[in-house]
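Read the structure below first, then the notes.
Values below: every heavy atom of this structure, side chains too, minus hydrogens, waters and symmetry copies. Every chain is numbered from 1 and lettered A, B, ... according to where its sequence line falls, protein lines coming before strand lines.
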Number of protein chains: 2
Amino acid sequence: MKPRRVSETIARRIQRGISSGKLEPGEKLPAERDLAKKLNVSRVSVREAYRSLAELGLLRVKRGAEGGAFIADVDHEPVTRSLSLMLRLGRTSHEELTEARVMLEPPIARLAALRANADDIRRIEDLVNKQEAAIKGNGDPRRYDLQFHRLVANCTKNLPLIIMMNALADLALEAFAKIDITRDVKRHVVDFHQRVLDAIRSRDGEAAHREMLRHVHDVQSRLGKAFERQLPGHEVRK
Amino acid sequence: MKPRRVSETIARRIQRGISSGKLEPGEKLPAERDLAKKLNVSRVSVREAYRSLAELGLLRVKRGAEGGAFIADVDHEPVTRSLSLMLRLGRTSHEELTEARVMLEPPIARLAALRANADDIRRIEDLVNKQEAAIKGNGDPRRYDLQFHRLVANCTKNLPLIIMMNALADLALEAFAKIDITRDVKRHVVDFHQRVLDAIRSRDGEAAHREMLRHVHDVQSRLGKAFERQLPGHEVRK
DNA sequence: ACTCTCCAATGGTCTGACCAATGTAATGCC
DNA sequence: GGCATTACATTGGTCAGACCATTGGAGAGT
């Protein structure tokens, strides 16, 4: 309650302003020099406060003319990054990760099937098409994999679920990126995506749940085999 | 990939050191002045780097003699805080929150029943006892509520699940703290906790799942009614 | 009307100083 | 000798003022 650093006091004040809605996304905060003068503190302290908030994803700082510190839009990317980092540091094994995905993703898919609107569905269709094309063109479809799971989570319109799904998918992709995959595997993955998409399109929650579960299990078994073959006893990160 | 700030370069280097295991928890980094000299940069830059990492929860800085910057133990508290903050800023409604909990908590309870060791169970027993005592002494048992859900999640030994559960419980507590509760409600809550505990103790995953689901639904309905009565149309945070 | 140059605003970095906290070692009292 | 007190060295926290680097726009020149 009583911050010992000046910068912390300032940061907390601004954060309260954001939480309470007094400061809105896009709004510009005073230049470092100006706020320092106004609060009778050094520029260093203001700077440190801005830096902390930027680290949390609450501010965006730009330099140059017309630059400054702006209140950022609400975005879960920093949380996702932070969560991913913490899971990496915790040496999260791919078994743990898959366990969490098995628990979370099928229910998310079910909810997605019930809530998806036309726009959501169109976006997923576009993505799956791109992924198909990438396979035909011998490209790497993995970059689309993360996005697929994100889009499905978005259909739920549930922020906690969206954020958690993002973090997990982020980490799963990292594990997946470590192993080589054949054209057959690519085929399999996109087929599963297609089936989940079909289920969502026809508003069949149970089918979406079932197909997503099979998909995650499929990925799990491939990851398990691959890691056993390539990196015995190894974990997601180093 | 090419940080524009000097402090970012330094921060990234240290972060890589931590990720790769070259820097271990408890280890002391050079004093700001020393590292600045060594890298031929100003103390300000080093300081900013340390500050950023501290904000992410990767460092702990202490001042005074024998002070300095130390690699922090892996701890998900910063992530939890950050996630909670983002959910607040996203104006997460208690309906959304409950939806996520309904999805996550029962399966966690099931897994907890299968994995809990004697120590885990003892800790939960202690907590439930304390909670019972608090009710008899007319104290507020809510402070124990968050802890209960944390301990159950800990039984799973699954870091992603633990982190996500923490963040959700944190936020749920915040919503719960906003409403008044009667002695009857306190009774109900602790009864549910007792039943979940019993299920875990007897390794009955399905019972744990069922009781936890009922518990969350129970809380949901109470929250729903209370918010409708006290704060029509209101959400978790402002 | 278009392009180029210059400039003012603003964040980023540096220097060097002093303040504040904090653990330890020297000091002094009993 | 043992315990409380004090002094001190170390280290993060803050300050002041300067200069650098980036950036977008205003104004000059065509």
Contacts under 3.5 Å, N or O only, protein and nucleotides 7-14 of chain C:
from: C:dA9; atom 1: N3; to: A:A65; atom 2: N; distance (Å): 3.4
from: C:dT10; atom 1: O4'; to: A:G64; atom 2: O; distance (Å): 3.3
from: C:dG11; atom 1: OP2; to: A:E32; atom 2: N; distance (Å): 3.2
from: C:dG11; atom 1: N7; to: A:R33; atom 2: NH1; distance (Å): 3.0
from: C:dG11; atom 1: O6; to: A:R33; atom 2: NH2; distance (Å): 3.1
from: C:dG12; atom 1: OP1; to: B:R5; atom 2: NE; distance (Å): 3.0
from: C:dG12; atom 1: OP2; to: A:R47; atom 2: NH1; distance (Å): 3.0
from: C:dG12; atom 1: OP2; to: A:R47; atom 2: NH2; distance (Å): 3.3
from: C:dG12; atom 1: O4'; to: A:R63; atom 2: NH1; distance (Å): 3.4
from: C:dG12; atom 1: N7; to: A:R43; atom 2: NH2; distance (Å): 2.8
from: C:dG12; atom 1: O6; to: A:R43; atom 2: NH1; distance (Å): 3.0
from: C:dT13; atom 1: OP1; to: B:V6; atom 2: N; distance (Å): 2.3
from: C:dC14; atom 1: OP2; to: B:S42; atom 2: N; distance (Å): 2.9
from: C:dC14; atom 1: OP2; to: B:S42; atom 2: OG; distance (Å): 2.9
from: C:dC14; atom 1: OP2; to: B:S45; atom 2: OG; distance (Å): 2.7

Query - Pairing residues for A:R33 by the side-chain contact (heavy atoms from CB on, under 4.5 Å) criterion, not counting sequence neighbours - result: A:R43
Query raised in the report: Residues in side-chain contact (heavy atoms from CB on, under 4.5 Å) with A:R13, at least two apart?
Result: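 So A:R13 forms a side-chain contact (heavy atoms from CB on, under 4.5 Å) with A:R16, A:L39.
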Query raised in the report: Tell me, which pairs form a side chain to side chain donor-acceptor pair (under 3.5 Å) where one or both residues lie in residues 57-69 of chain A, sequence neighbours left out?
Result: none
Kindly write out the residues that satisfy salt bridge (Lys or Arg N to Asp or Glu O under 4.0 Å) with [X], not counting sequence neighbours, or none if the list is empty.
X: B:K157; answer: B:D120
X: B:E125; answer: B:R201
X: B:R115; answer: A:E99
X: B:R47; answer: A:E48, B:E32

Requested in this report: Check every nucleotide of DNA chain D for an atom under 4.0 Å from a heavy-atom of chain A, then give the first and the last such nucleotide from 5' to 3'.
Outcome: D:dG13 to D:dG24
